[in-house]
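Computation of the quantities below employed the complete heavy-atom set of this structure, encompassing side-chain atoms and omitting hydrogens, waters and symmetry-equivalent molecules.
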Amino acid sequence: MARGRAIIDEDRCKGCELCTTVCPQGLIRMSRQLNALGFHFAVVTDQEECRGCTLCAVMCPDVAIEVEKERE
Amino acid sequence: MGKVLMKGNEAVAEAAVLGGCKYFFGYPITPQNEIPEYMARRLPEVGGTFLQAESEISAINMVFGASGSGARVMTSSSGPGISLKQEGISYLAGAELPCVIVNMVRGGPGLGNIGPAQSDYFQATRGGGHGDYRLIVFGPASVQELVDVTIEAFELADRYRSPVMILGDGILGQMMEPVEFKTAKIKEGPDKPWATTGAKGRKRNLITSLYIVPEELEKHCLKLKAKYDEISANEKRYESYFTDDAEIVLAAYGTTARICKAVVDRAREDGIKAGLIRPVTLWPFPDRPFNEAADYARAFLTVEMSNGQMVDDVRLAVNGKKPVYFYGRTGGIVPSKAEIYAEVRKILEGGAR
Amino acid sequence: MEKVFTRPKSMTDKPMHFCPGCTHGVIQRLVAEVIDELGIQEDTIAVGPVGCAVFCYDYWDVDFHQASHGRAPAVATGVKRVHPDKVVFTLQGDGDIAAIGTTEIIHAAARGEKITCLFVNNSIYGMTGGQMAPTSVLSQKTTTTPAGRDKNQIGYPVKLTEMLAVLDGTAYCARVSVHNPANILKAKEVIRKAFEVQLNKEGFSLVEILSTCPTNWGLPPVEAVKWLENNMIPCFPLGEYKVAGEVQR
Ligand SMILES: Cc1ncc(C[n+]2csc(CCOP(=O)(O)OP(=O)(O)O)c2C)c(N)n1
Ligand code: SF4
Ligand SMILES: [Mg+2]
């Protein structure tokens with residue numbers, strides 16, 4: 001399985017939680033902390049498990065997520 | 001180029017083409033249909049585009065798109081259609097887009113009739129659409145003048161980045177007169193670095209009238225005001241006819257001014273010192289000649305094909321120095337020379353109030 | 001590691017003003033991705049609406065016209081006639097395109113105007129605070145249909161894409177949705193196709209995009225995507241309604 005990395009720009013996140021519902025690995029949850037905009041932002045719980053599928057980024061309405069993937 | 005005999009509506013269309021107009025968007029309405037019909041034949045000959053829109057609202061918004069894209073563009077209509085264009089005209093003024101709009105005024109309000117009228121003066125000079133803006137408005141009185149101001153209208157529109165309106169009427173549009181197209185005077189349009197052409201090798205351009213922050217909108221409105229002040233200072237046009245020693249000064253524009261000229265001639269034959277000030281630009285309004293004449297004339301008489309619209313501007317210009325009387329016919333009826341002359345005599349004999 | 005997902009080049013850095021979870025933002029990004037993939041950023045002139053997408057020019061780095069409410073197809077017509085070799089597209093909400101601007105969109109399509117219109121259907125007037133839209137579904141509660149949209153009183157939702165499909169000038173029209181990743185990826189392909197139809201000078205193209213309005217639907221974003229799936233898709237079936245090449249010539 002390829003390894004990936006989802007990088008969430010926490011200051012762009014508006015806390016909508018849509019990404020949390022689409023990650024096949026269930027890796028994203030909302031932080032207890034607030035960002036500069038006053039939202040609970042999304043965080044990746046376990047980067048080790050990320051497969052780089054990009055679905056969270058595809059769903060994010062604020063283009064707050066970038067995804068990297070290891071070359072196979 | 002020598003003189004040719006042409007109908008006003010066709011002459012204005014040809015003048016537009018010679019003035020560099022490449023695009024025309026319009027919707028049929030009497031009494032201006034010869035303008036789009038002429039453009040439909042003529043524009044393809046110069047590599048331009050004529051498009052009959054689905055409404056005047058669409059037509060003026062097509063003008064918006066073409067103007068923002070850098071083209072010289074025109075639309076024409078009459079009363080009801082010009083009313084529909086008002087929102088678009090406001091957006092054009094707000095986004096500072098040049099274009100020329102012809103209104104061959106017909107009788108109103110409502111559907112009114114297709115007779116000649118001057119009852120759209122307020123709409124043309126007071127805004128018509130919403131917001132704090134002005135249009136340069138011409139009120140030509142002959143087919144030749146219609147041609148000359150049309151060519152100039154495109155230059156002024158580009159220079160000031162502003163819509164320019166030509167206010168004619170059914171008579172001017174239908175009348176045939178010899179005209180000369182002074183093509184030697186025609187200037188190429190200026191560069192338009194602000195136009196949308198695809199952002200190649202430059203920052204992208206944005207055509208908008210939206211300024212959501214109050215301070216920014218105020219700044220924009222002040223910029224527009226400065227532009228309108230500049231136009232006021234530079235572009236007032238009028239014709240003065242026997243006003244130097246006049247005891248009564250007539251005020252009229254367009255078709256009505258032609259009749260008033262004949263009234264002045266008749267009065268002078270009878271030993272009455274009458275004169276005429278004929279505004280050529282209705283906005284900016286040529287107030288100075290009126291104010292100066294108010295120092296020596298006894299009275300003013302404004303004649304319009306309306307219930308009295310330009311008379312407000314004459315009164316503002318005269319500023320209470322002398323009485324300003326009004327005579328008007330409406331409904332598509334043209335005031336006769338005899339009626340106007342009777343009014344002149346009545347005023348001088350102290351009969352009018 | 002290699003970047004496999006990043007902000008499209010033709011998108012500016014500016015954070016978008018849309019409400020949390022509003023899928024307007026997804027549409028902004030998809031269009032930018034298509035512009036990048038087709039390599040047309042320097043050849044594109046966009047026309048924006050009045051509605052929640054009114055600031056879309058802040059997020060696309062292309063030449064732009066801000067049109068009045070509903071008139072974007074007419075403005076785009078003016079632009080395209082002056083620049084027939086540029087890519088000209090509009091973005092419009094349902095109120096903009098299917099109520100106040102119905103005339104303009106129908107006639108742009110009928111003329112076969114070589115522009116692309118992107119129609120964001122969120123079944124509500126978002127910007128003005130949640131009034132009924134021409135596309136509000138039956139029984140939908142809005143601020144102006146407090147008891148739900150009643151067909152006997154105010155009639156039925158407008159199905160614009162179906163209406164445009166019957167016009168000979170329409171070369172391509174389709175309805176997509178952006179409520180989940182699979183549909184988002186599909187939506188992008190369809191938007192790309194609509195632009196290609198324009199690039200091939202085949203005629204008018206339109207993509208209707210079902211989108212959420214969590215704020216005015218009164219739902220958390222995660223519930224809003226479900227509401228879209230359960231209430232909008234049955235009323236507005238997804239799919240291609242007119243495919244390039246079907247045009248009678
Ligand atoms: C002529 C005019 N009428 C009304 C408005 C007010 N207005 C602004 S946006 C809007 C509705 C927008 O709804 P929609 O097109 O569905 O876009 P959304 O906000 O839902 O994306 C209205 C009625 C306006 N700006 N101009
Ligand atoms: S009001 Fe609705 S459509 Fe507008 S930005 Fe907010 S969620 Fe989106
Ligand atoms: Mg809407």
Side-chain angles (χ1 to χ4, degrees), chain B residues 22-25 27 43 47-75 84-92 94-95 97 99 129-130 192 194-212, chain C residues 10-12 17 35 39-51 53-88 90 100-111 113 115 127:
Chain B
K22 279 278 190 63
Y23 299 86
F24 183 97
F25 304 96
Y27 186 85
L43 279 176
T49 297
F50 164 86
L51 193 64
Q52 180 169 326
E54 58 272 21
S55 73
E56 288 86 351
I57 297 177
S58 295
I60 196 72
N61 282 288
M62 291 172 185
V63 167
F64 185 99
S67 174
S69 298
R72 279 191 165 172
V73 53
M74 179 164 107
T75 186
L84 281 182
K85 290 185 197 289
Q86 292 302 330
E87 183 200 29
I89 294 173
S90 169
Y91 273 70
L92 283 154
L97 295 182
C99 69
H130 59 285
K192 297 179 176 175
W194 45 266
T196 60
T197 54
K200 197 161 272 170
R202 60 158 168 79
K203 274 181 65 184
R204 72 85 175 264
N205 286 333
L206 172 63
I207 305 289
T208 186
S209 59
L210 175 65
Y211 295 85
I212 203 81
Chain C
S10 57
M11 211 169 181
T12 67
H17 70 283
I35 289 172
I40 54 173
Q41 185 181 358
E42 294 181 333
D43 295 306
T44 295
I45 304 171
V47 183
V50 178
V54 70
F55 295 119
C56 59
Y57 55 78
D58 274 341
Y59 319 129
W60 289 322
D61 190 13
V62 297
D63 270 8
F64 196 97
H65 279 232
Q66 167 53 51
S68 58
H69 194 22
R71 317 302 172 206
V75 172
T77 296
V79 175
K80 186 74 183 191
R81 295 299 176 126
V82 175
H83 298 302
D85 294 328
K86 302 292 166 193
V87 178
V88 180
T90 73
I100 195 167
T102 317
T103 312
E104 284 73 13
I105 190 65
I106 298 253
H107 286 274
R111 280 194 302 272
E113 209 63 59
I115 59 174
M127 169 166 260

Which heavy-atom pair separates [X] from [Y] by the least distance, and what is that distance?
X       : Y       : answer
B:Glu87 : C:His69 : OE2-N, 4.5 Å
C:Gly78 : B:Phe25 : CA-CZ, 4.1 Å
C:His65 : B:Gly65 : CE1-O, 3.4 Å

Once you round to the nearest 0.5 Å, how far does [atom1] of [X] lie from [atom2] of [Y]?
X       : Y        : atom1 : atom2 : answer
C:Lys80 : B:Ser69  : NZ    : OG    : 11.0 Å
C:Glu42 : B:Arg202 : CD    : CZ    : 9.5 Å
C:Arg81 : B:Phe24  : CZ    : CZ    : 14.5 Å

Next item on the list: Begin with the C-alpha distance, continue with both residues' side-chain angles, and end with the deciding distance and a verdict on side chain to side chain contact (heavy atoms under 4.5 Å, CB included) for C:Arg71 and B:Ile60.
Entry: CA-CA 10 Å; C:Arg71 317 302 172 206; B:Ile60 196 72; over 6 Å; no

Under 4.5 Å heavy-atom distance to chain B, tell me which part of [X] shows up: side chain, backbone, both or neither.
X       : answer
C:Ala67 : backbone
C:His83 : side chain
C:Val87 : neither

Checklist line | Flag if over 12 foreign heavy atoms under 6.0 Å of CZ, B:Phe50 | finding: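 Yes - once you tally the heavy atoms of other residues, nucleotides and ligands closer than 6.0 Å, there are more than 12.
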
Checklist line | Heavy atoms of other groups near B:Lys22 NZ, more than 12 under 6.0 Å | finding: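 Open: at most 12 neighbouring heavy atoms sit under 6.0 Å from NZ of B:Lys22.
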
Note to self: Check this for me, if you would: do B:Lys200 and C:Asp63 make a salt bridge, where the nitrogen-to-carboxylate-oxygen distance has to be below 4.0 angstrom?
What the structure shows: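 Answer for the salt bridge query: no.
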
Check: Hey, which of B:Ser67, B:Gly198, B:Ser209 has the most heavy atom pairs under 4.5 Å with chain C?
Finding: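 The candidate making the most pairs under 4.5 Å is B:Gly198.
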
Item checked: Winner by heavy-atom pair count (cut-off under 4.5 Å) against chain C, out of B:Val73, B:Ile212, B:Asn61 ->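 Highest number of pairs under 4.5 Å: B:Asn61.
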
With only heavy atoms counted, which part of [X] is less than 4.5 Å from chain C, the side chain, the backbone, both or neither?
X        : result
B:Ala195 : backbone
B:Leu51  : side chain
B:Thr197 : both
B:Phe64  : both

Check: With respect to chain B, which residue among C:Val88, C:Asp61, C:Val62 yields the maximal number of heavy-atom pairs within a distance under 4.5 Å?
Finding: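 It is C:Val62.
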
Next item on the list: Count the heavy-atom pairs under 4.5 Å between each of C:Ile45, C:Thr77, C:Thr44 and chain B, then report the option with the highest count.
Entry: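 Ranked by heavy-atom pairs under 4.5 Å with chain B, first place is C:Ile45.
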
Checklist line | Under 3.5 Å donor-acceptor, B:Arg204 side chain and C:Trp60 backbone | finding: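 Side chain of B:Arg204 to backbone of C:Trp60, a donor-acceptor pair under 3.5 Å: yes, one is there.
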
Notebook entry, point to check: Can C:His107 and B:Ser58 be counted as having a side-chain donor-acceptor contact under 3.5 angstrom?
Noted result: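 Result is no, nothing qualifies.
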
Note to self: Could you work out, with ring-ring contact (aromatic ring centres under 6.0 Å, His included) as the rule, every residue matching B:His130, not counting sequence neighbours?
What the structure shows: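 With sequence neighbours excluded, B:His130 shows a ring-ring contact (aromatic ring centres under 6.0 Å, His included) to no residue whatsoever.
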
Next item on the list: Evaluate the side-chain proximity of C:Phe55 to B:Leu210: yes if any heavy-atom separation is below 4.5 Å, no if none is.
Entry: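 The answer is yes; the side chains approach within 4.5 Å.
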
Checklist line | By side-chain hydrogen bond (donor to acceptor under 3.5 Å, both in side chains) - contacts of C:Thr103 (at least two apart) | finding: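 Checked C:Thr103 against side-chain hydrogen bond (donor to acceptor under 3.5 Å, both in side chains); zero matches.
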
